[in-house]
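Read the structure below first, then the notes.
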Amino acid sequence: MRVLCVAEKPSIARSISQILSGGRVETRATQSRFIKNFDFDYPQTNSHFTVTSVAGHLLAHDFPDAYRQWHSCDPLSLFDAPIHTIVPKDNKAIERNLMNEARNAHTLMIWTDCDREGENIGWEVVTVCRKAKPNILVKRARFSAIIPQQIHRAAQQPVDLDLAQSDAVQARIFLDLRIGAAFTRMQTLALQNRLPQFREKREVVSYGPCQFPTLGFVVQRYNQVKAFTPEDFWYILLSLIRQIDRKENKVDFTWRRGHLFEVDVVNEIYDDITEHPRARVTKVTQKNTKKWKPLPLTTVELQKAGSRLLKLAPKKVLDIAEKLYQQGFLSYPRTETDQYDPQFDFMTLIGKQTVDPAWGAFAAGLQQGGFTPPRRGKNNDKAHPPIHPTAHNANLVGDEKKVYDFIARRFLAGCSKDAEGSETTVEVVYGGEEFYMTGLIILARNYLDVYPYDKWTDKEIPDFREGEEFEPTSCEIKEGQTTSPALLTEADLVTLMDKNGIGTDATIAQHIQTIIDREYVIERMDGTTKHLLPSTLGIGLVEGYNQIGFDRSLSKPQLRRETERSMVQVCEGTKTKDGMLAQSIEQYKDMYVMAKREFDKVIESVRRYIEGAGAHNAGNGEGNGGPGRGAGGAPRSRGRGRGNDRGDGDDGNGAPPAGGSGRGRGAGTRASRRPSPPPSNSDGKPGPSSLTGGHRTTSDIDPPQPRPRSSLRETAPRAGASNHSPSSRLPKCDCGIPAGKKRVTQKSAREGKQFYACAQDACGFFKWIEGDDDEGQGSIGATSLIPAKRAIGASRSDQVAVPARQCKCKEDTVQRTVTKEGPNKGRLFWGCAKGRDEGCSFFEWDDEPSKTPGSGSPMPISTRTVSHNDPHSSGKCFKCDQEGHWASESWTVMSPSTRDSVDTEPANIEKVAAAELAVDERGVVELSPAERARLLHKIDWHLLPLVSLLYLLSFLDRSNIGNAKIAGLAKDLHLVGLKYNTAAAVFFVLYSFAEVPSNIILKVFRPSIWIPSIMVAWGLVMTLMCLVNTYQGLLVARVFLGLTEAGLFPGVTYYISLWYPRADRATRIALFFSAATVAGAFGGILAVCVTFQKQSRAFGVFPFHSIGGLHGWQWIVSNLQNLSTMVIAFGAFFFMYDYPETASFLTEKERRNIVWLLKHDSQNLATHYDIRFVLQALKDYRTYVQIGIYIGLLIPIYAIALFTPTIINELGFSAATAQLLSVPPFVAGCVCTILIGIYSDIHKLRGPYVIGGAFVSLVGYIVLYTQRSPGASYAGTVIAAVGVFPTIAVDLAWAGSNAGGDIKRGVVIAMVIGIGNLGG
């Protein structure tokens, strides 16, 4: 049976295929460069699977052409206009692939995410596939995590697609399309026609049924802060100094009344109680208390915790969690469930966390009796369990590590016990007034040991007895002041949205990001806390809509909450999609009619805030502190000599227009989420402009206040021009009547400047009065008025120009921010504006002085500074109220195409797939097989010849002792018994144990430094071996040779793993290792040259015995080849390439591509040095399994390398003939090593080739051992070599591919080779 599986994203399809196929999968390209088809057999269901994917939503929804143009219809008609559903052009290739595959399939299995949105995407896939095969059987795979257990269960136990959930999503898409398009067109055109500030830029003032209630929460809290008036209060503080643990400590008693707002009453009470000299303890209560462990983690709680604890935006937290889910480390991160199923397997997941160095011991304690079932919340979506880790990953860094650590710790904390403590409360009466204090002793921290995000600390108090009396150390009146509520944080906003039903757990973060991206809301940092502040346009729109007499305001949550509840009813089957749409559309249509009729109120509200008046009418509240008693104030101390207070006296107790509910996967459609910008007016003036706030860093709380716009194309006034045009020549406005004169009142560089506008404010006419340069300020084009951008936090008084630096192209550079994880993340730098491909390679850090001559010279007009001593030169952008740039530079000024792509574009194929494949902002995409092969072959030619030559020299030096033995070494040094075997074996003593440190050093330094250095060292050792003339000297020389050569083989193997993806390493390691077999053959030929002295003259070979009085074997172990070793080593210092990122032989594009290949192949595992990664390698049982395999392979390898000449000699051949006959086994081994490495990569198999080679080698050794015929025995030698040599390269590729990040992989390879070489 053929089954077509369709996932939601390419990465999910790849992961599912790897799990179900066990790695035995064939990959086919499709017409889409982002989509691949994966074919494999699945014997569990006796099926042939083809796994492919889409890239988010497949279908698009839009109005017909008659409704698409802004002026083609009344926006009201959009509520009833037909909606067409099509496959957009970008998705045509995906559609063709699905139809082609569906024709040959019996079953269609949907593998989209298991939520409401995933069901709808699955329905879209079914719709397309049934065009090709109407009777195809449809099933749905249901899973919560990309781990083998769940993926196999989903494949073997599929269910039906939930069409009710799909209907709910489609209803929301249609509803948001109609509402967003109608309201966006209406308010954009109205603001354009009435306010001149909206005409310069053709921007969309968008409306979304989710984004406006979200914005409403921010505005509401902002108004509460602005309207807040602080109020003084007073309270009485009773203090006592008493010993605690033999140290005197001051303890305070809290007044039971709290505080009062009437100072006279507090004074009267104070006068009464001070008449009494002593206080009496009335009650001492001691009870056990608990701090409850956290509930299981839901999506909403993850977003709130990410913002509050991890200081990450909710959307970023969800994006990271989604990525970790796709990599198989987390369960599905979009869930409302906060209770686990009773049959949930906790112990398996806890066991996976025991290897972590930070919380592994805690997890082990849970396994040994510390486990208690997690708390059960009140929510269960019946789809997914709470968010939890599904696998351990210690190689994450940066924000990914923050998110994973939090989720893992939260899971373990939930499986632990509540924290336990003992709480003591002491109640006293003093002068008839009651006071109390509370102490806490923590008895058992339990979950707090693994969950540092909760705080619970001891508070020691003195011992008191009931009835005890004491004289207070001091009794004072303290004064405080109420504090305003804080501006909303992202965590606060998530809570409000969840409580009021705005969006779902999966879409809340996107709605918050939407109002920030559209700059209706500005993010402001107050210390380490990010607060949300409405822009002038945002607050103007919300307050304008609030002034309209809606029963349920568009900026309030009630209407959207009803819509969300209706969608839940559709999911449950209690309401139909059509019924829900009809009811909601009728509600919004009535509100649209009313809003349009009274939109003047919105226009006046926006005008008031843009021109600066509205912001000053909201009150003067400042500060963002939480409610409570303020600390300090002058304490009032009265008494009769009892106020011996030793304290310091201040101990106070203080959505897009048409798809707003999407979650980034394209809830709407391209056309529906990108309304076309309104056309230019008939007079040729620009279309509307969205006036939204920019990024604000000042400490005041007023929203950004725009000033009237001006055209930057305006020419400067003529010298001596009059400040006022004659009244007889007043221009006429669009209404046909003389325009009126007005003056800019906004505090800005244009303050006082005059302009013409419609006298009745009926049309949008606007024109500056030419020649009016109030107080000699000049026009906007004057360079003296252009401010320089000011660094965040810089004061206005010390503002200086920050000119752009010049690159090698002699053009202004652009400033960028490092986004890659690492020590420089967030750091600013300057680069060529054209990019690295088309421009130059200019690069300078922003916080370092410029190295470019003349970089401080006068720059273009856009970067010159303005004098802030000039009251008319505020240097504010009138759109975002930010110092240091004009509106044309503000982030709020976008072209329609840019704004549309940011705000209203659906998550189509280009965005979803490119985001998965990108390595940097230039978007590296997956290479074709031919391009990939060309890139790797280019690397081959620059890397492999050099490293193979190095290994040839190394192996020749260590193995030529076998040739030397039959050339006289054994006779001259009296190597009898096991002495030769010992001399051969001592090489591996230090060789085995020096390999791990060597690989660590190689990573810490550079390959081009470390590898040539050890080459020079072993070349020197081999050269000096000619002086050996005793057995003891031979042992010492072999030990030092092992030490110096230890780093080469594991180092180069590790080095190759830094350049090649896992699937391509076996071939390269085979090519590299083949040098060992070539060394064996070359060593035999060289030995013949030395030992064949009589025959050598006949062949013209120079007799080595006649040079320097050295024996032939001494020339074998210390020959001219060692001089070559050192010469090549010195050359390697200059010609060896370190890493792909710095390879000069690669073009910039090739470098990015290979870096992407490696990053994608390693799944973003860590590359930096950390001792934890070394420990992981030491603790991983797989390391020792590979060591055992390697030892078993090296025993026959070194038997051939060290004893082949001896074996052949003992078969009855002469020494010279034995030397020659030792060549064929090595040549055969070389050829087979390369061929097997290639086939291993092609089939992506390692284990079968290792086992097969070992079996062939075993056959050869059996022949060699059992046969007495020299010919048969010699054949056995060749067979043994052919079988065992290829296994080394394949086994090392196998070990390195499964090791993890760079450091762990380097240590594992070194351990396998090092300890494995004990087999030698």
Side-chain angles (χ1 to χ4, degrees), residues 2-43 47-55 93-105 108-109 111-112 125 129 141 146 148 151-152 155 326-328 909 912-919 924-937 1060-1068 1153-1154 1156-1164 1237-1249 1290 1293-1294 1297-1298:
R2 299 182 67 88
V3 179
L4 173 61
C5 302
V6 183
E8 189 171 319
K9 303 178 183 71
S11 61
I12 300 292
R14 183 181 295 108
S15 299
I16 291 172
S17 301
Q18 289 294 325
I19 291 173
L20 293 179
S21 69
R24 300 182 180 183
V25 61
E26 293 183 5
T27 303
R28 288 185 288 120
T30 69
Q31 296 181 29
S32 170
R33 57 176 176 162
F34 303 108
I35 307 299
K36 298 289 185 293
N37 292 343
F38 304 97
D39 300 320
F40 55 90
D41 290 327
Y42 191 60
S47 304
H48 179 80
F49 274 35
T50 294
V51 181
T52 187
S53 73
V54 291
I94 299 178
E95 179 191 32
R96 288 192 294 270
N97 181 55
L98 291 177
M99 294 178 67
N100 291 337
E101 298 299 327
R103 290 188 182 98
N104 301 319
L108 171 64
M109 190 177 295
W111 286 83
T112 53
V125 172
C129 290
I146 304 177
I151 296 301
H152 281 289
Q326 293 177 14
Q327 295 175 346
I909 177 177
V912 174
E916 291 185 24
L917 299 176
V919 67
V924 179
V925 298
E926 191 168 2
L927 300 173
S928 68
E931 293 171 331
R932 189 177 188 273
R934 281 196 298 270
L935 176 58
L936 295 180
H937 287 331
Y1060 295 95
R1062 287 175 294 177
D1064 301 281
R1065 289 176 192 163
T1067 301
R1068 277 70 191 183
N1153 285 335
I1154 189 61
W1156 175 82
L1157 277 175
L1158 295 169
K1159 182 178 181 182
H1160 181 72
D1161 183 67
S1162 65
Q1163 298 180 338
N1164 294 322
I1238 293 173
Y1239 279 104
S1240 175
D1241 277 349
I1242 291 175
H1243 296 134
K1244 295 181 174 58
L1245 292 174
R1246 306 296 188 229
Y1249 284 101
V1290 177
W1294 192 10
S1297 297
N1298 295 319

From [X] [atom1] over to [Y] [atom2], what is the distance, rounded to the nearest 0.5 angstrom?
X       : Y       : atom1 : atom2 : answer
Arg14   : Ile146  : CZ    : CD1   : 12.0 Å
Leu108  : Leu4    : CG    : CG    : 5.5 Å
Phe38   : Arg28   : CZ    : CZ    : 10.5 Å
Arg934  : Asn1153 : CZ    : CG    : 11.0 Å
Ile16   : Gln326  : CD1   : CD    : 10.5 Å
Asp1064 : Ile1242 : CG    : CD1   : 10.5 Å

Which residues pass the side-chain hydrogen bond (donor to acceptor under 3.5 Å, both in side chains) test with Glu26, not counting sequence neighbours?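 None.
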Is the closest side-chain heavy-atom distance between Gln31 and Asn97 below 4.5 Å? no
Side-chain touch Leu936/Pro1061, heavy atoms, less than 4.5 angstrom: yes
If you compare all heavy atoms of [X] against all heavy atoms of [Y], which two are closest, and at what distance to 0.1 Å?
X      : Y      : answer
Ile94  : Ala55  : CD1-N, 4.2 Å
Ile19  : Pro148 : CG2-CA, 3.6 Å
Phe40  : Ser21  : CG-CB, 3.5 Å
Thr52  : Ala13  : O-CB, 3.6 Å
Trp111 : Ile151 : CH2-O, 3.6 Å
Val54  : Ile35  : O-CD1, 4.1 Å

For His152, enumerate each residue passing the ring-ring contact (aromatic ring centres under 6.0 Å, His included) test, keeping only those at least two apart in sequence or located in another chain. Tyr42
Check: Thr30 side chain, Ser32 main-chain N or O, donor-acceptor pair, under 3.5 Å: yes
Is it the case that over 12 heavy atoms from other parts of the model lie below 6.0 angstrom from the CZ atom of Arg24? no
